[in-house]
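Heads up, the thing below is written out as structure tokens.
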2 protein chains.
Amino acid sequence: MVKRTSFEGDSCPIARALEAIGDWWSILIIREALFGQRRFGEFQTRLGMAKNILAVRLRALVDHGILRSAPASDGSAYQEYVLTLKGRGVFPILVALRQWSEEFDEHPEEIATILVDREKGRPVRKLEMRAEDGRLLTPADTMLKPRPAAKKRRASA
Amino acid sequence: MVKRTSFEGDSCPIARALEAIGDWWSILIIREALFGQRRFGEFQTRLGMAKNILAVRLRALVDHGILRSAPASDGSAYQEYVLTLKGRGVFPILVALRQWSEEFDEHPEEIATILVDREKGRPVRKLEMRAEDGRLLTPADTMLKPRPAAKKRRASA
DNA sequence: CAATCCAGTTTCATTATGCAACCATTGGAG
DNA sequence: CTCCAATGGTTGCATAATGAAACTGGATTG
């Protein structure tokens, strides 16, 4: 087959994430949803995307458990799309993308918004990666290990 | 035109990041590069992707300043592709994607690797978002603010 | 200097994307 | 209740992107 390659069975968690949200529009749809949009028309006008594509994407996101389609909320008999826990879990990915642009974009002056701490109104710090014991880690301080086979009924001793 | 829509002029930093690395393969190429791969053939066999599209992606990544093509390193007259600072800056995005899969994937047992602290061999903590003063922030603790106009020659007073 | 490897490019078939037109319900106005 | 607009899609068609495989041309090996 010549279908676009899928990473569904891939053992790499990054590839698996991309399988679900790695296309052009999904992340932006999730961004809008995190901003409170829930209706088909809201997504469509705010993102300026074709309605057929939006329909396909929304279905895929629902299938992946990222959105859930719920029956109305403002009384009307229409549907709406709300984020699941899994969908809200995308937030750190959005922050990482945002911070990457803020740090490396060639024209940062074109970036319209900054993410701030609501309480103080001050910019948030860069995402931090820490060890179990709280040590701040750089990429070089990390490595990949094969996942332990796990899933024993009881402790092995 | 009916070209795939571009987010190049978009003011959203997330859209701008997607413009550079938002396609199916780029992130995986960067993942391999972070793992030390540098040669065309290495990327091609490790990712199992078609050579023509690898060629296109590598060019795009170079154009975006994420990879740089450098002349050899092992003596041979071939080229190689090495990450720039901007490219290495993608690391947190990969961690965020990985952690999202680890937390929400339907079949986490299929994930082959875990990211550990090299020193202790223990899993790294979830990425943390903190305020300037160090307070740990949840998504609800944050908001977007318009970017201040910035770029004054001197302090405004 | 022939055989092979490396790093692509070309060709062609298939798929995805995007625009525009169309259609079925829903919601309101009268 | 009737008509009309808005909502939330679907369908058709043209164009662009993707992928497999064959091809190319310089490097390297023997």
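This is a predicted model, so every value here is computed, not measured. First the proteins, then the strands, lettered A, B, ... as listed; each starts at 1.
Side-chain atoms of B/Y81 and B/I29, non-hydrogen and from C-beta on, never get closer than 4.5 Å to each other.
Under a 4.0 Å N-O distance rule, the pair A/R125/B/E132 does not qualify as a salt bridge. Taking 4.0 Å as the cut-off between side-chain N and carboxylate O, B/E103 and B/K126 count as a salt-bridged pair.
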What string of B, S and - do you get for nucleotides 21-29 of chain D, 5' to 3', if B is base contact, S is sugar-phosphate-only contact and - is no contact with any protein heavy atom under 4.0 Å?
-> -----BSS-

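As a whole-Å value, the separation of B/Q79 CD from C/dG8 P is 7 Å. Going from atom CH2 of A/W24 over to atom C1' of D/dA16 covers 13 Å, rounded to whole Å. Distance A/I53 CD1 to D/dC13 P: 17 Å, rounded to the nearest Å.
Evaluation of the side chain to side chain donor-acceptor pair (under 3.5 Å) rule for A/K120 yields B/D133 as partners, not counting sequence neighbours.
In summary, the side chains of B/S11 and B/R147 do not present any donor paired with an acceptor at a separation below 3.5 Å, with no hydrogens or angles considered.
Distance CG/B/L94 to CZ/B/R31: 8.5 Å, rounded to 0.5 Å.
Between A/W24 and B/F7, the ring planes are tilted. Angles from 30° to 60° get that label.
Near DNA chain D, defined here as any heavy-atom distance below 4.0 Å, there are no residues from residues 29-49 of chain B. Listed by residue number, the members of residues 55-63 of chain B with any heavy atom below 4.0 angstrom from DNA chain C are B/A55, B/R59.
Residue pairs satisfying the salt bridge (charged side-chain N to carboxylate O under 4.0 Å, His left out) criterion with at least one member in residues 85-94 of chain A, sequence neighbours excluded, are absent. Each salt bridge (charged side-chain N to carboxylate O under 4.0 Å, His left out) pair with one or both residues in residues 36-53 of chain B, not counting sequence neighbours, appears once here: B/E32-B/R46, B/R38-B/E80, B/R39-B/D74.
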